[in-house]
Amino acid sequence: MSTHDHSDHHPQGSFLTSRAGLVLLGFLAIGGLLLITEHRAHVLGALFYLLPFGCLFMHFFMHGGHGHGGHGGHRNQPDERNPS
C-alpha cells in the first residue's frame, strides 16, 4: 500500500463561488425582491413609529439612562471649591 499526496488537486474556492453557492445567491436575491415588493406597505406603515422609539432608545443607550453613567470622567478632576 502506498501513500499519495492530494495537495496537487484543484484548489478549493469559497462556497459562494461554487455552483451551489451561486444558485443560493440567486434564490436569496429573488426572495428578497419578492419580500420588498409584497410587504412594502407594512414596512412603510411601521416607519412612523421609528422616530419616537429611535429617540427613546438613543436616550437610554447613548446617555447612560437615569444614572447618567456617561459622565464618569468628572470624578477624577479636582474640586474647584475645595483644593485639597
Side-chain angles (χ1 to χ4, degrees):
M1 209 154 64
S2 66
T3 60
H4 54 279
D5 188 18
H6 289 282
S7 63
D8 60 343
H9 289 269
H10 301 290
Q12 290 184 346
S14 70
F15 173 73
L16 294 178
T17 57
S18 67
R19 184 179 298 176
L22 292 175
V23 170
L24 177 67
L25 286 176
F27 277 125
L28 288 175
I30 292 170
L33 183 65
L34 288 175
L35 279 174
I36 289 171
T37 57
E38 294 294 324
H39 296 286
R40 186 179 330 150
H42 303 294
V43 173
L44 292 177
L47 284 179
F48 172 75
Y49 298 106
L50 185 63
L51 182 65
F53 284 120
C55 291
L56 180 70
F57 288 133
M58 282 176 44
H59 174 75
F60 282 119
F61 292 122
M62 293 179 71
H63 191 52
H66 291 285
H68 298 285
H71 300 286
H74 296 292
R75 292 184 202 148
N76 296 334
Q77 296 177 354
D79 191 8
E80 294 175 5
R81 292 174 284 160
N82 188 6
S84 51

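Just so you know, these numbers come straight off a predicted model, no measurement behind them. Heavy-atom basis, side chains included; hydrogens, waters and symmetry copies ignored.
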* Between CZ of Phe61 and CG of Leu56, what distance do you get to the nearest 0.5 Å? -> 9.0 Å

* To do: Of all the heavy-atom pairs spanning Thr17 and Leu22, show the shortest one and how long it is.
  => O-CD1, 4.2 Å

* Partners passing side chain to side chain contact (heavy atoms under 4.5 Å, CB included) against Ala20 (at least two apart in sequence or in another chain) -> Phe15, Ser18

* From Leu25 CG over to Ile30 CD1, what is the distance, rounded to the nearest 0.5 angstrom? -> 11.0 Å

* Asked: Is Phe57 reachable from Tyr49 through a run of hydrophobic residues whose side-chain heavy atoms are each under 4.5 Å from the next?
  -> yes

* Going from CG on Leu35 to NE2 on His42, what distance comes out if it is rounded to the nearest 0.5 angstrom? -> 10.5 Å

